[in-house]
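Encoded as structure tokens, the structure appears first; notes follow it.
In this text the structure is predicted, and so the values were computed from the model without any measurement. Numbering of ligands and ligand atoms starts at 1, following listing order.
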Amino acid sequence: MTFAIKNNISWVGKIDWELRKFHGEEYSTHHGSSYNSYLIRDEKTVLIDTVWGKFSNEFVENLQKEVNLDQIDFIIINHAESDHSGSLPELMRHIPDTPIYCTSSGIDIINGHYHKDWNFNPVKTGDKLNLGSKDIVFIEAKMLHWPDSMMSYLTKDNILFSNDAFGQHLASELMYNDLVDQCELFREAIKYYANILTPFSSLVDKKIREVLALNVPVDMICPSHGVLWRKDPLQIVTKYAQWASGQAENQITVAYDSMWEGTRHMAEAIVQGISKEDPSVGVKLFNIARSDKNDLITEIFRSKAILIGSPTINNGILSSVAAILEEIKGLRFKNKKAAAFGCYGWSGESVRIISERLTESGFSLLNAGLKEKWSPGSEAIEHCLRFGQEVALQVKGP
Ligand code: FEO
């Protein structure tokens with residue numbers, strides 16, 4: 001499958017319908033994904049990015065139907081992660097001398113992956129590659145999300161090839177933002193941002209300002225995953241600016257795990273307390289062990305505050321709760337409040353441990369947490385309801 005985008009620009013990538021996990025087993029992809037590669041034909045012909053190595057034979061065969069490989073004058077690798085560079089070895093077997101343009105960090109990474117002596121040409125922000133009647137202008141995007149990441153802007157057609165930025169793990173034959181289900185599109189876009197780009201939000205904000213300051217027209221944004229933004233393409237830039245600012249929705253997420261239902265009963269009573277105090281707040285409840293980790297991270301990203309619960313086990317916390325706290329720490333969320341809760345039998349360390357981990361991860365603690373002995377009775381449930389009400393009041397603010 002290939003399709004024309006405009007003026008001799010073709011999509012020549014791969015839609016991965018069956019993908020359900022990405023980055024190994026780290027990222028759930030309920031709706032598959034795509035690896036977008038683009039072929040631009042002017043006086044010179046240039047290929048932007050390839051696809052994941054497991055599809056390299058398919059990719060090259062497909063590309064050969066679109067263009068004689070010998071006619072490819074340049075290859076641009078906007079980002080050397082395997083999902084975009086993985087088909088280089090197969091492609092370069094056919095056209096070994098074709099110049100490859102990427103950042104100097106990209107050269108290191110490609111060498112680290114494939115150990116081949118290809119014709120590399122390092123580029124940096126502002127460098128241009130003339131295609132005849134149009135230029136490609138390179139824009140480095142270091143740490144968005146790897147050291148080598150960059151974008152390429154095609155003049156006259158006014159297309160920004162943004163690589164991972166503005167992408168979504170979404171497989172669709174429709175391939176354009178105005179044709180797909182908008183809820184699904186933005187759910188996958190925010191999930192991508194929350195799980196991959198959150199730690200780099202200050203860089204996202206800076207890069208958006210830098211690109212907007214160039215004051216160049218943008219008719220389309222073509223990322224390396226998911227659908228292409230052709231209708232109001234800057235809407236996803238506006239969303240990224242909002243997400244990068246740390247501005248949360250009016251939401252509180254309660255997430256827990258439980259051994260004998262005690263912490264679950266606490267969680268449900270806390271949620272009731274929150275809703276009773278502030279019916280306008282969106283409160284969501286998850287059993288961590290039974291929820292999709294990346295969907296839960298997305299809900300945490302959207303929230304003003306989170307409440308994390310675990311019973312005490314072996315003087316510690318349940319492994320599912322420890323795992324999500326480790327994930328939360330790495331993502332470096334900003335401007336979020338938090339508190340801990342959980343039941344216990346004898347030693348009762350879980351609330352202190354969760355509180356400490358949340359503080360280490362940059363959350364502002366709302367209180368010292370709530371712990372209840374054994375299975376919560378009516379008095380303990382009353383404590384939980386009040387705890388939820390107090391949290392709602394604090395989150396609502398003055
Ligand atoms: Fe889609 Fe960072 O690779």
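Using a 4.0 Å cut-off between charged side-chain N and carboxylate O, Lys206 and Glu210 make no salt bridge. A salt bridge does not link Lys21 to Glu26: none of the charged side-chain nitrogens sits closer than 4.0 Å to a carboxylate oxygen.
The nearest N, O or S atom of His84 is not closer to atom 2 (Fe) of ligand 1 than 2.8 Å. Among the atoms of Glu81, an N, O or S atom is found under 2.8 Å from atom 2 (Fe) of ligand 1.
Minimum-distance N/O/S atom of Asp164 relative to atom 2 (Fe) of ligand 1: OD2. Closest approach between atom 2 (Fe) of ligand 1 and any N/O/S atom of His145 involves NE2.
Taking the six-membered ring for Trp and the full ring otherwise, the centers of Phe301 and Tyr193 sit less than 6.0 Å from each other.
Inspection of the Asp164 and His225 side chains reveals an N or O donor paired with an N or O acceptor under 3.5 Å.
Vertex atom 1 (Fe) of ligand 1; arms to His225 NE2 and Asp83 OD2; angle rounded to 10 degrees, 80°.
Using cut-offs of 30° and 60° for the angle between ring planes, the Phe22 and Tyr27 rings count as perpendicular.
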